[in-house]
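In what follows, every chain begins at residue 1, and chains take the letters A, B, ... in the order their sequences are listed.
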Amino acid sequence: GASAQDLKGGRLRVAILADIHNFDPMQFSGVNFPLIKNLYDSLIEYTPEGQPIPNLASEWKIAPDSKSVAITLRSGVNFHSGNPVNAEAVAATLKKAADPQKGKNVYPTMSIVQDWTVNGPLGITINFKNPVPVGQITDLLQFLSVIEPSGIDTVETKHAGSGPFILGERVLGQRVTMTANAKYWQKPPIVSEIVLTVFSDNDAASAAIESGAVDIIYGGNARSAVRLRNAGYQLIQGPGPLVQVFRINATRGPFKNDKFRQAFNYLMDREAILRVGYAGVGEVTALPWAPASPATDKSYNTRYAFSLEKAQALLKESGLSAAELSNWKLTANGGDQDGMAISQIVQSTVAKVGMNIQLDVKQGAELTDAMLTGKFDAIFGGIGNIQKFPTRVGTNSIYRTTNNPILGNPHPFPAYVAAMQRVDTTLGTGEPVKQAYDNLNKVLVETAFGIPTNTFDIGLIVAAKNVGGITREIDNMLVGRTIGFR
Amino acid sequence: MSEPVLSVRGLEVTFTGGGRPVPAVRGVDFDVYPNEVLGIVGESGSGKSVTSLAVTGLLPETAKVQGSIKLADVEVTTADREVLRQMRGQDVGMIFQDPTTTLNPVFTIGRQVTEGQVAHGQIPAGNARGRGIELLREVDIPDPTGRVVQYPHQFSGGMRQRAVIAMAMAGRPRLIIADEPTTALDVTVQAQVLSVLAKRQADTGAAVILITHDLGVIAEVAHRVAVMYGGRIVETGPVHEIFKRPQHPYTVGLLQSLPRIDAAEERLVPIRGQPPNPARLPTGCTFHPRCPIGRDRERCRTEDPALREVVEGHRSACHCVEEVAALLADTATPARAPATVAPQAAAAQAPLLAVDKLKVHFPIKAGILRRRVGWVRAVDGVSLTVNAGETVGLVGESGCGKTTTGRAIMGLIKATGGSVRFDGQEVTRLSPGELRKARRNMQYIFQDPYSSLNPIKTVGDIVAEPLHIHGIYEEMGGAKRIAELFELVGLPRTVLGRYPREFSGGQKQRIGIARALALQPRLLILDEPVAALDVSIQAQIINLLQDLQKELGLAYLFIAHDLSVVRHISDRVAVMYLGKIIEESEKTTLYETPVHPYTQSLLSAVPVPDPDARHTRRRIVLEGDIPNPSKPPPGCYFHPRCFRASDRCRVEEPAFTPYPGLPTRTACHHAGPLGASS
Amino acid sequence: MTGYIIRRILQLLPVLLISSAGIWAMIYAVPGTPIGALVGENATPEQVQAAIQRVGLDQPMLVQFWAWLKSALVGDLGRSIFSRDPVFDLIMGRAPATLQLGLGATLVGLILGIPVAVLSALYPNSWLDRSLSGWSALALGVPTFWLGILLILLFSVELRWLPSASTYVSIFESPWGAIRNTFLPALTLGVYVSGIFARFLRASLLSEMKADYVRTARSKGLKERDVVGRHVFRNALLPFVTVVGLMMAAFIGGTVVTEAVFTYPGIGRLLIQAITQRDYPLIQGVILFILVVHVVINLMVDVLYAYIDPRIEYS
Amino acid sequence: MTGGMQRSLDVLRRLLSHRGALISVIYLAVVVFVATFARWIIPYDPVVQDLTSTLEAPSAKHWFGTDELGRDLMARAVYGARTSLITAAGAVVIAGVVGIPIGLVAGFFGGWRDAILMRIVDVLLSLPGILFAMALIAVLGRSQLAALVAVGITGIPSFARITRAQVLSLRKRDFVMAVEALGGSSTYNMFRTVLPNSWSPLLVQVVILSSVAILLEAALAFLGVGIPPPTPSWGEMLRTGKSFLYEAPYYAVLPGIVLTLTILSLDTLGRTLAWVLEDRHELGEEAEAEAEKARP
Ligand SMILES: Nc1ncnc2c1ncn2[C@@H]1O[C@H](COP(=O)(O)OP(=O)(O)OP(=O)(O)O)[C@@H](O)[C@H]1O
Ligand SMILES: Nc1ncnc2c1ncn2[C@@H]1O[C@H](COP(=O)(O)OP(=O)(O)OP(=O)(O)O)[C@@H](O)[C@H]1O
Ligand SMILES: [Mg+2]
Ligand SMILES: [Mg+2]
C-alpha cells in the first residue's frame, strides 16, 4: 500500500448501516464504532496483533503483585474544549465506568477494580481487588476512553473527548459529520472531514459506493462485501471479529441433558454456516476465541467437526425419547437475514437426527429481552471481545460465571466457573497459563452450553480503490485519522 | 300557413348494441309551425323522448336514425357535429323533465342561463351577467339581480324550471322542445311554469313541441296534438278534434281511462293489457292486442295501418276508423255504470280509524357531532277519521306530509305527538310486539311497485310472507289461499313461481295488493298506489281497488297528489298543506264548494282534459312555493301565498273547525266559497 | 369558515386523548420492553435494574401515562427511550422526507392517472378504454414491494442510473439529488395510486357524463370540449378530491412497505423501528402524528370542497 | 331455492363469458389445484435444503432456481400459494363473520348502536391496516394463525361498512318497509329480507378482500413479520430475494409474478362479478318479455 505521506486529504464519505444517536464511548455497541476512535482517545491501544502501545497513557506500570497499575498520562493533551486531559479526567471516567447506570459496556470489566488514586496532575493508580493477569489490565486500559469530566453527564448527547475529530453537524437519522481536530496532539487527520451517512441496508450502501456517492462502507454484511471485493473494491477485515455461538439454555427441556447438549458440538455444519451465512468471510471455530487469542486451539475444529453419526450416538446415550428430543424451539433473530439463514440450516440439520423443531422468530426488543432473561431454549448470538483476554468472553451473558441471566444462580456448571477462575488467577506467561487455557477449552466443549460455529466480522470495511491508510483496529472500529486518498 | 319550423318525415330510430335492436321510433311524420304548440302524448316508452332527441341530434351513438328531419333549413340526420352544435341553442332550445338534475349543481344559474349565447358569440362574455338578469326577469323570477349569482340548489323546483325555460329561450330559438317540463312539479307550480312558458312563447313567437303524458296539460296549452303509440304517431289533429272526436281506438281508450276532476264519472274504462315493449312489438297494428275493435281481426293482426287523413288536418292510423266513433258512444254508457256505491257508514258507529292531532317531527342533524339543529315538522297536527268500508282521500302537494302521515298511522314511523286509534285501540302506545299484531288489520300499499317487492323471492312467497310471519299460513288455507289471492287481484295462479322482475308495474302493484290482503285487513293505507303507472294501467288498478272494496268491505285511506284520481275514488277528501289538514269534506262538496283558499287554488290549477274549458275556467295561480317544513311561517302556514291573507292570518293560527252549512271542516280565518268576499 | 376550522381542530383533542390512551394500553399488551434494546444483551442485572428505573418502567402504567400526558399537553412528547432524542425532533426529522415522497407519489399518480381516466371515459368500452383499464388493474395488482424490486433491478442493478436505496435529500437543497433519491419510491407508489385515481375518476366521469345537465349543456350548443372539460370534469372532481386527499393522508402517514423496499427514511420506518425497539414515547408520538396528519388533510379536503362545491356551506 | 340456483348459474355463465374473468378463473383454479396437490405435482420438498447448490439460476432441474439454502424455489412458490390461500380464506371468514353482523345491526337499528359500532369500525379503519396487523402479530407472536387473524381483523371494517351501506340503501326500499308493515320483526327483516338481498355486493367483497388479504399477508411477510420461516410464503420469498438482487435476480422476480397474477386475477374477477351482478336488471327485461308472452 501507499505510505501515509502519499495520501491526500479531502472529505471522507463513509456509509454506515445504523443511525448514531449516542456519543458515549462506554456505550460500546456496534452502532457507535464509527465514532469512538475518532472522537475519543483511550489510555492505551493495541496493535492488530494485540500488543499494547501507549496512547493517552505514555506509561503504565503493573505492580509486582499484579494488584495495581500506575498510569502516567501524556502531557499537553487537551480535550476539544481546550481543557487538559489529566488524572482528574481519568478518575472521573473510571467513576462513570464503575456506575451500573452509566458504566454501560465498560461496567462489567470494572468488576476487577477496587479503587483508584490520583497522583498529581498526570498520574493515577488503579487498584484491583485481586491479582489480575496482565492481559486483563491492558484490556481495561484499552477499553477506557477518557471523557472530559464536565461532559460526563451529557456525554450521551454531546461528545466530550480529545480525539482526532470534532463532532460537527448531526442530522437525525441521516448523517453525522466529524471535522478534523487541527490541534490534535498526534499527527492530525489527513482528511478534513468525515461524513457518516446512514444507510438502512447493505444494498443501498453497496449502490452508494458503486455510484461513487461514498468512499467507504463500514459495517456492511459479508455477502455484499464479497460481491464488492469481486468487483475490485478493497475489503479489509479487522483483527477483532465476533464468534457466532449457538447458545443453549441448559436449564430447559432436553438441554438439561449433558449428552444431548454435547451432541450439538457435532451438529453444527460449520462450513456451510460460514459459507451460507457469511459468504465465507471468517473462520470456522469450535471455541469462542479469535485467531489472535492465546487460548485458540485449532485442533478442536477437527475433533468436533460436523458429524451426524457422532451426534446420533450421543443422542442415543442421552436416553431421551423422540418427543423429548423435539421439545424445544430455536429462537431466531427475524431482523437478521444471516441469522435466519443459519438458524434454518440448524433446523434442517437437527431434523436429520430426528428433531423436528420450530423456529421462534423474534426481533428487536423482544429478542434482546429473550436473550437477556434467558427466555429461549437455543439461540444464535455473536460473542465479542474474543481477541482479548480469554475471560473477557465472560462478559457475554451466556458465558457469565456469576449472575448468569440464562443459566441462573448458582451456576449449573461449577467446572466451568472453576476453569474461568483458574485462567483469571494464573498470572504470568508460560506453561501454567497454557494448561489453564486447555482446561477451559475442554470444559467448554463438555458443558456445551455454547457451541461456537465461526468467526464473523463486524466493522467490515469496504473501500474504494483510491482510499488508503486504513487502520486495522483491534476492535474493528473505524479509525479515520490515518485514512486518506491516493 | 307559413313555412314549418320543423319538418319530420319517415323518422326511424333504432337502438343497437346490447342484444336485439330496439326500434324506438318507427316512421314518424309531423310538422311544427311558428307560434304553434304541438302536444305529443303517449304512454311511457312510446318514443316521445327519442323523437325529440332525434330532432336535436342528441341521441346516443347506439341510435341509428333514418328519415329526414329538417329544422330551420338544416337536415339534422346528415348534418355534421359543428352544424348541429350551431343549431342547438340558436334554432332550437330544450326543456327537460327534472329541473333538479338538468342544471349543473356547481355553476351559477346566471352562467348556465347565458352560457349558450356566449358560446355562440351572440353576446360577449362580459355582458353575460346583465343578460342573465334580464332573462331571469323575463321568466318572472323575483329579485333577478340577487338570484343570478346563486346556484341551482338555492332555487326551488319551480324556479329552476323557469330558469331552464329562460335558458332554452335565451337565444330566441325558433323551436322549443319541452319534454315533460312539468311532470316533476306540483300542480300549483305546474300552473306557474306553464303560464311562463306560454308567455315566453307569445313574446318570441317560437314553435313549441310539448311532450307530456298528461292529457290535461295538452288540453290546456296545445294547439295541435300527436298521439304516439309503440314508436309511431297513431293520431294527429287539432286539439279540439282530438278531445271531441278522437279517431283512433287508443286515443279513445286514453280519454276514457282518465279520471276527471270536472265530472263525477262512475267507473273508468281501462285499456286492457300492457303498453308494448319496443323490443318485442306485436305484429300488424301495434295496438291490436289491446284494441276493442281490432283485437281479433286478421287485418289488424298482420298489417300496420298507415296514418291517413280522416278529416281535414286530422289523421289517424287505424284500419277501422269508421268504427271508432261508435266505440266512443257505446262503451261510454254501459261501463260508466253506477260506481261502487260506498256502503254509507253509519255515522253513529265509531270510526275504524281516528287520528287526532298527529304530529311527526324529524330532527335535523348537522355538523360532525350530529347535533340536532332543528325539526322538520313533517306532520304537524293531522286529524282525520276513516269509517269502516269508506274511502278517505288525502291530497296535498309534494312534501306536505302525506306519506309520513300514512306511515305514522301504521306505526312505521314513531309519532311525535297526538293519537291514532284503530278500532278503539291506541296504536301509538303499543309495544313493538303488539304493534306487529295490530298491523294484521291495517295494511299499507306502497307508491313504487318496483321497489315494494323483495326481488329475490317468488311472488307466491311474497304474498305468503305475511302469513308465515304471523304463523298462520296453514290456518288461513296455505297454498290454496295464495292462489285465491292471486285470482282476487286478477293474476293467474300460474305466475306464482315467478320473480317480481318478470312483472310490469301494474302487475307488481296487484301483487302488492294481494300481499296486503293476505292478512284480511280492514283498512288499507294506499300511498299513491297509481302515481307511478301509465293512465291506462292506472285505471285498471283503480277499478280493481273499487271492486275489492265492494267485495271485502275494506276501508281505504287513499293518499295521492292527483286530485282527479282522489275525486274519482273517495267518499271523503282531506286536503293537506305543510303537515296540516286544512280542509276536509264529503267529496262533492269539497270539489264543488271548496271553502279554503288553498283548496280553491289547488283545484283551479289542475289542468282539465277539455280544451274548451281553457277559456272558461278561472284560474288562481299561487305565487311562491311550499315553504320549508322546518321553518314554517308564523300564524296560518298558508298566509304567504294566500290571496285572502289578512294581518290576523300572519299571527294567529286558525283552528280546524266545521264550516257552517256544509259537511266541511276547515282551518281558515277567512273560509268561504269562491266569489264570496271574505 | 374560520370558526368551522377552529371547531374541527378543537374536536381533534378528544380524539387524540382517547387514541393516546388506546395506544398506551396497546403498547402494554405487546410483549417485550425497550430495556433489552437499551442496555444490550450482555448487560448485568444491576444495569438492567438501573435502566428500568431510568425509563420509569417500574412505575404503574397509569402513572407513566399520566406523566406522559402531562408533558404532552404542554407540547412535549418526551424523548425516545432508545436514542434520547426528543420525539418531536425525531418525527420532524422524518416528516419532510415523507412529505416529499408523499407529494411526489401523488404527483406521479395524478400525472399517470388523470389522462388514463379521461381517455377511458371519453371512449368508454373502446379498445383504448379496455387497455387503459387493464393498465389500472395492473397498477393496482402489482404489489408495491414487488414493483419496487423490479424498478431497482432495472434502474439500479441493470442500468445503474439510480440508487437502489434512497436517502432523503431535500428538493430545496439539491433538486437533482432529491429527484434521484425520491424518483423510484415515488414512481412505485405513484403507479399504485395512479390505478386508484384512474379507476375512480373514470367511474365518476362516466357517471357524470350520464347526468342530465350534460344533455342540457349539449342542448345549449356548447362545444363537446367545454361540456366535458367544464361541466363534467368540475363535477367529477368533487369526489376525486376526496380520494386524492385520502391517499395523500395515507402517504404522509408513512408508507411502511415502500419505505422498507427503498429503505427510505420516512415516518413509516421510524414507526416500525420504534415498534421493534418498543420505544414507547416514540410509538405514541408517531401514531399521534399520523392521526393528526389524517385529520388535517381531511380538514383541508373539506375546506377545499367548500370552495369547489357551492352546495356545501360550513358555518 | 331452485330459482336461486338458476340465478347463480346464470351469473356464472355471464361471468365466464367475459374473457378476462375466464382467464382469471382458470389461473386461480390452477393455483388452487397445484397448491392443493403440490405433494404429487412438485418433485421437491419446499423446506429441504441442499447447501451444495445454493442460489442456482433457473434450469431444467430447478425451474425457478434455488434459494440461498439450496431449496427449490418453484416448490416454495407453489407451497407459498397454499400459505396465501389459507390466509386469505381464513381472513375472509373472520372478516365476514364479524363484519357482516356488525354492519347489519348498525345499519338496521341505527341510533346509538350504529354510532358505537361505526366509531369502532372507523378507528380500525383510520389506522393503516398494515400497522394494525403488525401490532397484532406483535401481541400474538408470528404464526400462520396470527397472520390470518391479523389480516382478518383488518378486513372487518370493509365488510361492516359495505353491509351497513347495503342495509341503509335497502331500508329505503319499500319492500323492506313492507315486511315491517306486514308485522315482521326486526330480526326477521334483517336476516330474511335484508341479508339475502345483500349477497351480491358481499360476494364481490369476498373476492376483493381475498386479494387484499393475499397482498397484506405478503406485505407482512415482506416486512418480516409474517409466517415464520421455513414455511414458504410469497412475501417472505420476495423479502429474502430482495437481498440477492445482484446474485440472483430471478429469486425475487418469479414469485412476484405468481403473486401479481393472483392478485390481478382476483381483482379482475371481483370487478367483473360486480359488473355482472349489477347488470342483472338487463336479465329482468328479457324475462319480462317472456312473461309477456305467457300472459293469458
Ligand atoms: N339509449 C337508449 N338505448 C336503448 N334503448 C333506448 C334508449 N333510449 C330509449 N330507449 C328505448 O326507446 C323506447 C322509447 O323511449 P322514450 O324515452 O322515447 O319513451 P317516452 O315515450 O319518452 O317514455 P316516458 O314517458 O317514459 O319518458 C323505450 O322503450 C326505451 O327503452
Ligand atoms: N326520515 C325523514 N327525516 C327527515 N325529514 C323527513 C323524513 N321523511 C320525510 N321527511 C320530510 O318530511 C316532509 C314530508 O314528507 P312526506 O314524504 O311525508 O311528504 P309527501 O307528502 O308524501 O310527499 P310526496 O308527494 O313527495 O311523496 C318532507 O319535507 C320531507 O322532506
Ligand atoms: Mg320520455
Ligand atoms: Mg309521499
J.: With respect to chain A, which residue among C:Met92, C:Arg269, C:Gln53, C:Gln49 yields the maximal number of heavy-atom pairs within a distance under 4.5 Å?
T.: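 The candidate making the most pairs under 4.5 Å is C:Arg269.
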J.: With only heavy atoms counted, which part of C:Phe262 is less than 4.5 Å from chain A, the side chain, the backbone, both or neither?
T.: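 Contact with chain A: none, neither part.
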J.: So for C:Val39, is it side chain, backbone, both, or neither that comes closer than 4.5 Å to the heavy atoms of chain A?
T.: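 C:Val39 touches chain A through side-chain heavy atoms alone.
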J.: With a 4.5 angstrom heavy-atom cut-off, which part of A:Gln363 approaches chain C: side chain, backbone, both or neither?
T.: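 Its backbone and side chain both get close to chain C.
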J.: For C:Ser156, is it the side chain, the backbone, both or neither that has a heavy atom under 4.5 Å from a heavy atom of chain A?
T.: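 No part of it gets close to chain A.
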J.: Evaluate A:Asp24 against C:Arg84 for salt bridge (charged side-chain N to carboxylate O under 4.0 Å, His left out), listing each step before the verdict.
T.: CA-CA 12 Å; A:Asp24 183 352; C:Arg84 316 279 289 149; over 6 Å; no
J.: Taking all non-hydrogen atoms of both residues, which atom of C:Pro34 and which atom of A:Ala365 are closest, and how far apart?
T.: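 It is CA-CB, 4.5 Å.
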J.: For C:Val48, which atoms come within 4.5 Å of any heavy atom of chain A: side chain, backbone, both, or neither?
T.: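 Side chain only.
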J.: Looking at chain A, which one of C:Gly32, C:Pro265, C:Gly36 has the largest number of heavy-atom pairs inside 4.5 Å, strictly under?
T.: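 Top count of heavy-atom pairs under 4.5 Å with chain A: C:Gly36.
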J.: Heavy-atom distances under 4.5 Å only: say whether C:Ala43 touches chain A with side chain, backbone, both or neither.
T.: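 Both parts, backbone and side chain.
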J.: Of the listed residues (C:Leu162, C:Thr44, C:Ile275, C:Asp279), which shares the most heavy-atom pairs with chain A below a 4.5 Å separation?
T.: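 Highest number of pairs under 4.5 Å: C:Thr44.
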J.: Tell me, side chain or backbone of A:Val171 under 4.5 Å from chain C's heavy atoms, or both, or neither?
T.: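 Looking at A:Val171, nothing touches chain C.
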J.: Where on C:Arg54 is there a heavy atom nearer than 4.5 Å to chain A: the side chain, the backbone, both, or neither?
T.: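 Contact with chain A involves the side chain of C:Arg54 alone.
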J.: Report which part of A:Phe199 has an atom under 4.5 Å of a heavy atom belonging to chain C: side chain, backbone, both, or neither.
T.: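 Side chain only.
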J.: Looking at A:Lys362, A:Arg170, A:Lys375, which one has more heavy-atom pairs under 4.5 Å with chain C than the rest?
T.: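 Going by pairs under 4.5 Å, I would pick A:Arg170.
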J.: If you count heavy-atom pairs under 4.5 Å with chain C, which of A:Lys104, A:Arg175, A:Gln101 comes out on top?
T.: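 Winner by heavy-atom pair count: A:Gln101.
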J.: Where does C:Ile152 contact chain A at under 4.5 Å (heavy atoms): side chain, backbone, both or neither?
T.: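 For C:Ile152, there is no contact with chain A at all, as no heavy atom is under 4.5 Å.
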J.: Is a donor on one side and an acceptor on the other found under 3.5 Å between the side chain of A:Glu366 and the backbone of C:Thr276?
T.: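 Checked: no pair found.
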J.: Check each atom of A:Asn22 against the heavy atoms of chain C and say whether the ones under 4.5 Å are side chain, backbone, both or neither.
T.: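 Neither the backbone nor the side chain of A:Asn22 comes within 4.5 Å of chain C.
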J.: Is C:Asp89 in contact with chain A via its backbone, its side chain, both, or neither, using a 4.5 Å heavy-atom distance?
T.: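 It is both, since atoms from each part get that close.
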J.: Checking C:Gln277 against chain A: side chain, backbone, both or neither under 4.5 Å from a heavy atom?
T.: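 For C:Gln277, the contact with chain A is made by the backbone alone.
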J.: Please say which of A:Ile379, A:Thr368, A:Ile398, A:Asn396 ends up in a side chain to side chain contact (heavy atoms under 4.5 Å, CB included) with C:Glu41.
T.: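 With C:Glu41 as partner, side chain to side chain contact (heavy atoms under 4.5 Å, CB included) holds for just one option, A:Thr368.
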